Amino acid sequence: MGFILPAIAFYLLATVLLVRAVGRDALGPSRTWRWPALAAIALHAGYHLWIAWRTPGGPDMHFFSALSLVSLGMASMTAVVGARGRMATVGVVAFPLAAALLATYHGYGHRPSTGLDWRLQLHAWMALLAYATLAVAALLAVMLWVQERALRRREFHTWLRALPPMTELETLLFRTIAVGFALLTATLLTGTLFVENLFAQHLIHKTVLSVLSWLVFGGLLLGRWRRGWRGAKAVRWTLVAMALLLLAFFGSKAVLELTCIAPRADRSVSGMTE
């Protein structure tokens, strides 16, 4: 609990400070939210490192741990991207999400990991980085959709001024997708090279959905480059690709792991976090 409660408190404090800054339209000069956010991120990462040190078999990569790690990546990227003034509004969603998923991971318990060699660990970490990056892209796409919808309806709300200009937001969206696409490409390549017996491990549906997501993201980047795709079309295809990716990874992990996880009372390492 020495990690959990302070991390959640700092995440929520950062969220409150961001919301106040949005309300005052003071995201540009105000950076007070960054210190509690950085403290929360450090504690969040420290908790996973501590669990990895205490858990047999190395880092816990199971369902709730993976969710928590992806949210940690989202919060970290938000803290970096948020240095650019109005881009910090992503944290209004990313920080409370990270707090909730960290609490869920701690509350549900931890499972010993099967021993993975360095190649499979590389594949797993690539996947988590790709999912975190593309999840941030999905949040940016939602922000773009909200902004475009409000402007189309001539609804000039106060909070609208806290969002970046549409051209800047679109540029960041496609840059984030490009980075995530490169990471997803590396994930698929390392999976092809290092993962054996896809059928025996019930991974074929995960692979198919991941490839479909990769094709949609790649098609979106190609459409942006060749035809200047933007606006609603960019938002729609970003969210479709992200939905496929979520089904590929977390959907398959939920089916394969949660249906056979022991109840919380039977946690194999229940005492490690007390």
Side-chain angles (χ1 to χ4, degrees), residues 27-28 70-71 73-94 97 123 125-156 159-192 206-251:
L27 279 178
V70 167
S71 71
M74 292 174 66
S76 301
M77 282 183 279
T78 299
V80 173
V81 172
R84 300 181 59 186
R86 297 176 189 273
M87 298 299 177
T89 49
V90 176
V92 174
V93 176
L97 179 64
H123 170 68
W125 286 111
M126 282 284 187
L128 292 174
L129 283 173
Y131 301 144
T133 305
L134 293 170
V136 170
L139 289 180
L140 292 171
V142 171
M143 288 170 58
L144 182 61
W145 173 77
V146 168
Q147 187 180 49
E148 191 174 46
R149 182 172 178 269
L151 292 175
R152 192 184 307 116
R153 296 186 175 188
R154 300 182 181 277
E155 298 174 349
F156 302 106
W159 54 263
L160 199 59
R161 294 197 302 271
L163 297 178
M166 289 186 64
T167 54
E168 185 179 349
L169 189 55
E170 276 189 346
T171 299
L172 182 63
L173 170 62
F174 279 98
R175 286 178 180 173
T176 306
I177 291 174
V179 173
F181 181 75
L183 290 169
L184 184 58
T185 302
T187 299
L188 293 174
L189 286 175
T190 54
T192 302
K206 175 181 176 180
T207 303
V208 170
L209 288 170
S210 297
V211 170
L212 286 175
S213 177
W214 181 83
L215 289 172
V216 175
F217 277 124
L220 177 57
L221 291 173
L222 183 62
R224 171 72 169 184
W225 175 53
R226 296 293 299 272
R227 299 188 177 183
W229 286 358
R230 54 183 301 178
K233 182 174 290 187
V235 170
R236 181 169 59 251
W237 288 112
T238 299
L239 296 180
V240 167
M242 191 63 207
L244 288 170
L245 201 59
L246 287 174
L247 285 173
F249 187 67
F250 292 108

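All figures in this text were calculated on a predicted structure; none of them were measured in a lab.
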What heavy-atom pair brings [X] and [Y] nearest, and what distance separates the two atoms?
X    : Y    : value
A141 : V235 : O-CG2, 3.4 Å
L169 : Q147 : CD2-OE1, 4.0 Å
T238 : A137 : CG2-O, 4.1 Å
M166 : L144 : CE-CD1, 4.0 Å
G191 : H123 : N-ND1, 3.3 Å
A186 : M126 : CB-SD, 3.9 Å

Do V142 and L239 touch side chain to side chain, with heavy atoms closer than 4.5 Å? yes
Output the distance between atom [atom1] ([X]) and atom [atom2] ([Y]), rounded to the nearest 0.5 Å.
X    : Y    : atom1 : atom2 : answer
W225 : F174 : CH2   : CZ    : 14.5 Å
E148 : E170 : CD    : CD    : 7.5 Å
L134 : L140 : CG    : CG    : 11.0 Å
L173 : L139 : CG    : CG    : 11.0 Å
L184 : L129 : CG    : CG    : 12.0 Å

Whether the side chain of T133 engages the backbone of G180 through a donor-acceptor N/O pair (distance < 3.5 Å, no angle test) should be reported. no
Give every donor-acceptor pair under 3.5 Å between a side-chain atom in residues 210-223 and any protein atom, sequence neighbours left out.
unit_1: S210; atom_1: OG; unit_2: K206; atom_2: O; d: 2.8
unit_1: S213; atom_1: OG; unit_2: A241; atom_2: O; d: 2.8
unit_1: W214; atom_1: NE1; unit_2: T185; atom_2: OG1; d: 2.8

